[in-house]
Protein chains: 2
Amino acid sequence: MTGLPPEPASSPGPEPTPEAESPDRFAQARSAQSVALIEDYVELIGDLIAEQGEARITDIAQRLGVAHPTVTKAVARLKREGLANSRPYRGVFLTEAGAALAEKVRTRHRTLVSLLVALGVPSDTAELDAEGMEHHVSDVTLAAFEAYLAARD
Amino acid sequence: MTGLPPEPASSPGPEPTPEAESPDRFAQARSAQSVALIEDYVELIGDLIAEQGEARITDIAQRLGVAHPTVTKAVARLKREGLANSRPYRGVFLTEAGAALAEKVRTRHRTLVSLLVALGVPSDTAELDAEGMEHHVSDVTLAAFEAYLAARD
DNA sequence: CGGCGAATGTAGCCATGGCTACATCTTTTG
DNA sequence: CAAAAGATGTAGCCATGGCTACATTCGCCG
């Protein structure tokens, strides 16, 4: 959906985008949507490997609530981006980069949920909302969340 | 991108989706992406009307950083959903429902930014992150944010 | 070790959101 | 008031994420 072939969609580093001011914030929020999927997959694959020792296409599909070909496509993309690898009929594995990303995502997710709960959000709602929000939490904001949670104790 | 023709994608009402438990949270987060666009458009149109008395396709396109045909399509969708109306070569206007949604979105946005700032996030980062996060903040969570902000004073 | 059921892979379709190119209508302006 | 400039509309293409249908391959049993 990004439809932005000329845009390399670089890493989540804070790129101030030197010019203009309005359009970019929307553009960024929207292109992040593409990142969201990748993050979900990587995190889930990490979870499955941790839980069951392997991540099978079918399991991923079931957990995400999508059909298996959808997962196959997504995994192909993860491989393209160097986050995972797999061999036909064997499971899916994370590369070092993938594992690192998964860990980062998982941490961020936990932090966000903790924050929401700390602010009085019921934990099930916190989980639900965090699932959508987390992909848009920048490192700076995440740090602020951690600081708040740490100070609060 | 939703690709869910059989899913009417009803109004933002809390539909608990009676069965299953894992897949849905992802599905919900993802289908919310479609809502995000609508919300952005409605909010922006509201802003433009407030600022300049009218919302022109070109202005919307420029603010969102997309080409004008993209906006034309989106506006067609808003009209389909009863959130806006327009006549060729005249501007775009919000229906009552559209204006209500715009107001809700704007309020939520402000609340989220305030919260982030209150937690120590720099205001420019808060604005940027909020743009992406806001569409995933449920009413329950929003209420918690408001309560926190109110109590904090 | 032959089969059968489950898991994967592949092909091909749909919808959406973006874009470019080109046609038209409006609005300025000389 | 006609022409140029600017704003919209329309057509048609691309990529992505989903899905269904059909073809293979694996693995477990009998």
Side-chain angles (χ1 to χ4, degrees), chain A residues 1-9 23-24 26-41 44-45 48 52 54-81 84-93 135, chain B residues 1-9 23-24 26-41 44-45 48 52 54-81 84-93 135:
Chain A
M1 190 70 13
T2 45
L4 301 175
E7 214 75 0
D24 299 318
F26 289 100
Q28 171 178 322
R30 216 160 12 258
S31 71
Q33 178 256 329
S34 153
V35 170
L37 258 202
I38 289 197
E39 292 185 345
D40 279 344
Y41 271 98
L44 176 52
I45 292 171
L48 285 172
Q52 326 189 326
E54 65 174 349
R56 289 153 67 229
I57 296 286
T58 298
D59 294 341
I60 299 173
Q62 194 218 323
R63 289 263 204 131
L64 288 178
V66 300
H68 77 86
T70 301
V71 175
T72 301
K73 274 192 191 175
V75 168
R77 182 170 167 208
L78 294 182
K79 289 168 75 170
R80 244 188 301 147
E81 307 209 359
N85 44 47
S86 71
R87 291 204 325 290
Y89 296 94
R90 295 299 117 125
V92 181
F93 305 92
H135 307 291
Chain B
M1 188 68 14
T2 45
L4 300 175
E7 214 74 1
D24 298 317
F26 289 101
Q28 170 177 324
R30 214 157 18 256
S31 71
Q33 178 256 329
S34 152
V35 169
L37 256 201
I38 289 197
E39 292 185 345
D40 279 344
Y41 272 98
L44 177 53
I45 292 171
L48 285 172
Q52 326 190 326
E54 64 174 349
R56 290 152 67 227
I57 296 285
T58 298
D59 294 341
I60 299 173
Q62 194 216 323
R63 288 265 204 128
L64 288 177
V66 300
H68 77 86
T70 301
V71 175
T72 300
K73 274 192 192 176
V75 168
R77 182 171 167 206
L78 293 182
K79 289 169 74 171
R80 243 187 302 146
E81 308 210 356
N85 43 45
S86 71
R87 293 205 323 292
Y89 295 96
R90 293 300 115 120
V92 181
F93 306 92
H135 307 292

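Chain letters run A, B, ... following the sequence lines, proteins first and then strands; every chain starts at 1.
- The separation between B:Arg87 atom CZ and C:dT24 atom C1' is 18 Å, rounded to whole Å.
- Atom C1' of nucleotide C:dG17 and atom CZ of B:Arg77 are separated by 9 Å, given to the nearest angstrom.
- Atom-to-atom, CG of A:Leu48 to C1' of C:dA7 comes out at 15 Å; the value is rounded to the nearest Å.
- When each of C:dC19, C:dA7, D:dG18 is scored by its nearest atom to the side-chain atoms of B:Thr70, the top-ranked nucleotide is C:dC19.
- Projected onto DNA chain D by closest heavy-atom contact, B:Asp59 and B:Lys73 fall at different nucleotides, the more 5' of which corresponds to B:Asp59.
- Distances shown here put a side-chain N or O of A:Thr72 below 4.0 Å from the OP1 or OP2 atom of C:dG9.
- Only one option out of A:Val66, A:Leu44, A:Thr72 pairs with A:Ile60 in a side chain to side chain contact (heavy atoms under 4.5 Å, CB included); it is A:Leu44.
- For a distance-only test at 3.5 Å, the side chain of B:Tyr89 qualifies as a donor-acceptor partner of the base of D:dT8.
- Side-chain contact between A:Glu54 and A:Asp59 is absent, with no heavy atoms from C-beta onward closer than 4.5 Å.
- Atom CD1 in B:Ile60 sits roughly 16 Å away from atom C1' in C:dG17 (whole-Å rounding).
- Ranking C:dA11, D:dG9, C:dG17 by closeness to the B:Leu37 side chain, first place goes to C:dG17.
- In terms of position along DNA chain D, the nucleotide closest to A:Arg80 lies nearer the 5' end than the nucleotide closest to the other residue of the pair A:Arg80 and A:Arg90.
- Whole-Å rounding puts the B:Gln62 CD to C:dG18 P distance at 16 Å.
- Side chain of B:Val66, nearest nucleotide from C:dG18, D:dG9, C:dG9: C:dG18.
- Taking CD of B:Gln62 as the start and CG of B:Leu48 as the end, the distance is 9.5 Å to the nearest 0.5 Å.
- The heavy-atom pair separating B:Ile38 from B:Glu81 by the smallest distance is CD1-OE1, 3.3 Å.
- Along DNA chain C, the nucleotide closest to B:Ala74 and the one closest to B:His68 are compared, and the more 5′ of them pairs with B:Ala74.
- Closest to the side chain of B:Tyr41, out of D:dC19, C:dG18, D:dT10, is C:dG18.
- A:Ile45 places a side-chain heavy atom less than 4.5 Å from the side chain of A:Leu78.
- B:Lys79 has its NZ atom 8 Å from the P atom of D:dG9, to the nearest Å.
- Going from atom CD of A:Glu54 over to atom P of D:dG27 covers 10 Å, rounded to whole Å.
- Within 4.0 Å of B:Thr58, counting heavy atoms only, lie sugar-phosphate atoms of the nucleic acid but no base atom.
- In this structure, of D:dG9, C:dT16, C:dC19, it is D:dG9 that holds the atom nearest to the side chain of B:Pro88.
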